[in-house]
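Nothing fancy with the numbering, it's 1 onward along the sequence. Start at 1 and go down the list; that is how both ligands and their atoms are numbered. Being a predicted model, the structure only gives us computed values, none of them experimental.
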Amino acid sequence: MMSDKQLQEKHDLNVIIVDDKEEGGRKAFELVEEAVQNGAQVLGLATGSSPVPLYNEMKNSETDYSHLISINLDEYVGLPEDHPQSYHTFMYEHLFQYKPFKKTFIPNGLGDEEEEIKRYNRVIEEYPIDLQILGIGTNAHIGFNEPGTPFLQETHMEKLTDATIEANKRYFESEEDVPKYAFSMGIKSIVSAKKIILMAYGEQKAEAISKMINGPITEEVPASILQTHDDVTIIVDKAAASKL
Ligand code: GLP
């Protein structure tokens, strides 16, 4: 559990600058392999375009993941599992259909708010995350923890910001179709993972990456909490690193 002391303690984040997202995927894959070989049992997984090259490496590898547990960060509220834009569908299409895990957990977008939050917190408690994969929003959100979310919050229902709805509308027919709420693992649970890999590519992430690494640790920049974690690797391309 995060204490006030831990929140004040700062660590250097390990930054790897790559030429493109394919190289980023290969670097991330090496770290995932190493963790799995060293006995990692529980992988925290993320959606979005940034982890896709990593999932491609995993799906094309010889590695068997069927003894592992996966826990995803988030899911849109209101979307059934089989909706084309649900994170259930995303994970199945990009990874699970090729590499089945022993058990996979993703919040149920149709679940009752209170019950679903309790269920997901119990899952995270039962299976402590060894390695957490992350992307980052243009406003520095991680999972769907938007700016202002308390660092100590656990799983909850988050109201998505206009910036996030704008960024994610490319996946939907129109902006009105983008869900306005999501269930998200809380920041407290994300930073309780033993090891974290965050990937970000493109100029539109440069500001968030700069604030996350060099700015103050503040709930207004959710990813800045990673400065308090002692094992974080940030994989970025030159464009995302351009404001460092
Ligand atoms: C969504 C997800 C985040 C992800 C972010 C960035 O909002 N909830 O987990 O990090 O998008 O996505 P992308 O990698 O496509 O830029």
Side-chain angles (χ1 to χ4, degrees), residues 18 20-25 27-28 43-57 70-79 83-91 93-95 105-109 120 124 129 131-149 153 155-172 175 177-187 189-191 193 196-209 211-212 221-226 232-237 239-242:
V18 293
D20 52 31
K21 50 171 74 173
E22 284 67 39
E23 189 190 349
K27 292 270 177 214
L43 302 189
L45 300 179
T47 52
S49 58
S50 308
V52 169
L54 164 64
Y55 298 153
N56 287 340
E57 294 291 324
S70 71
I71 304 184
N72 262 78
L73 287 167
D74 45 16
E75 177 61 285
Y76 288 117
V77 166
L79 296 194
H83 187 283
Q85 297 309 332
S86 78
Y87 286 167
H88 279 81
T89 301
F90 179 99
M91 290 310 300
E93 284 182 349
H94 290 281
L95 188 61
F105 295 99
I106 304 178
N108 172 8
Y120 221 61
I124 298 163
I129 298 171
L131 172 62
Q132 177 68 54
I133 303 300
L134 291 178
I136 185 171
T138 48
N139 62 7
H141 73 222
I142 45 177
F144 265 130
N145 293 285
E146 298 281 32
T149 307
Q153 193 153 28
T155 306
H156 59 282
M157 196 195 273
E158 181 85 21
K159 185 172 193 328
L160 305 184
T161 61
D162 291 346
T164 298
I165 291 170
E166 171 69 28
N168 291 358
K169 75 173 186 203
R170 65 190 192 274
Y171 297 112
F172 293 84
E175 193 164 328
D177 294 330
V178 186
K180 306 294 178 283
Y181 291 86
F183 285 121
S184 182
M185 190 189 285
I187 291 177
S189 307
I190 293 174
V191 292
I196 296 176
I197 302 172
L198 182 147
M199 288 164 282
Y201 308 106
E203 208 269 321
Q204 75 283 6
K205 299 289 172 73
E207 189 75 33
I209 291 294
K211 286 184 178 164
M212 164 178 77
V221 182
S224 65
I225 191 66
L226 300 181
V232 180
T233 303
I234 315 282
I235 299 177
V236 279
D237 63 2
S242 61

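- Counting heavy atoms from C-beta on, the side chains of N145 and I225 never come closer than 4.5 Å.
- Residues that satisfy the salt bridge (Lys or Arg N to Asp or Glu O under 4.0 Å) test with E93, not counting sequence neighbours, are absent from this structure.
- Near Y171, meaning under 4.0 Å from one of its heavy atoms, ligand 1 places the atoms 15 (O).
- Not a single heavy atom of M199 sits closer than 4.0 Å to an atom of ligand 1.
- The closest side-chain heavy-atom distance from S50 to K21 is not below 4.5 Å.
- In this structure, K211 contributes its side chain and I209 its backbone to no donor-acceptor pair below 3.5 Å.
- Atom CE of M157 sits about 13.5 Å away from atom CG of D74, to the nearest 0.5 Å.
- Of all protein heavy atoms, the one lying nearest to atom 14 (O) of ligand 1 is S50 OG, 2.5 Å.
- Short contacts between ligand 1 and G135, defined as distances under 4.0 Å to a heavy atom of the residue, involve ligand atoms 10 (O).
- Ligand 1 does not have Q204 within reach: every non-hydrogen atom of the residue lies 4.0 Å or more from it.
- Judged purely by atom type and a 3.5 angstrom limit, H83 uses its side chain to pair as donor or acceptor with the backbone of Q85.
- Shown in contact with G48 at under 4.0 Å from a heavy atom are these atoms of ligand 1, numbered in order with element: 12 (O), 14 (O), 15 (O).
- For Y171, the ring pair (Phe, Tyr, Trp, His ring centres under 6.0 Å) test picks out no residue, with sequence neighbours left out.
- Close contacts between ligand 1 and D74 involve ligand atoms 8 (N), 9 (O) [criterion: under 4.0 Å to a heavy atom].
- When side chains are defined from C-beta on, I187 counts as touching P222, because their heavy atoms get closer than 4.5 Å.
- Contact annotation: R170 has at least one heavy atom less than 4.0 Å from an atom of ligand 1.
- Atom 6 (C) of ligand 1 has its nearest heavy-atom neighbour, among V52, I136, N139, L160, in I136.
- Protein heavy atom at the shortest distance from atom 3 (C) of ligand 1 is G143 O, 3.5 Å.
- Of all the heavy atoms of A46, none lies under 4.0 Å from any atom of ligand 1, so neither backbone nor side chain is involved.
- Side-chain atoms of F144 and Y76, non-hydrogen and from C-beta on, do get closer than 4.5 Å to each other.
- Of the protein's non-hydrogen atoms, K205 NZ, 2.5 Å is the one closest to atom 16 (O) of ligand 1.
- Residue contact check: N168 has heavy atoms under 4.0 Å from atoms 1 (C), 7 (O) of ligand 1.
- At the top of the distance list for atom 1 (C) of ligand 1, counting protein heavy atoms only, stands Y87 OH, 3.7 Å.
- Around the CZ atom of F172, the shell of radius 6.0 Å holds more than 12 heavy atoms that belong to other residues, nucleotides or ligands.
- When only non-hydrogen protein atoms are considered, atom 11 (O) of ligand 1 lies nearest to H141 NE2, 4.0 Å.
- Nearest non-hydrogen protein atom to atom 4 (C) of ligand 1 is T47 O, 4.0 Å.
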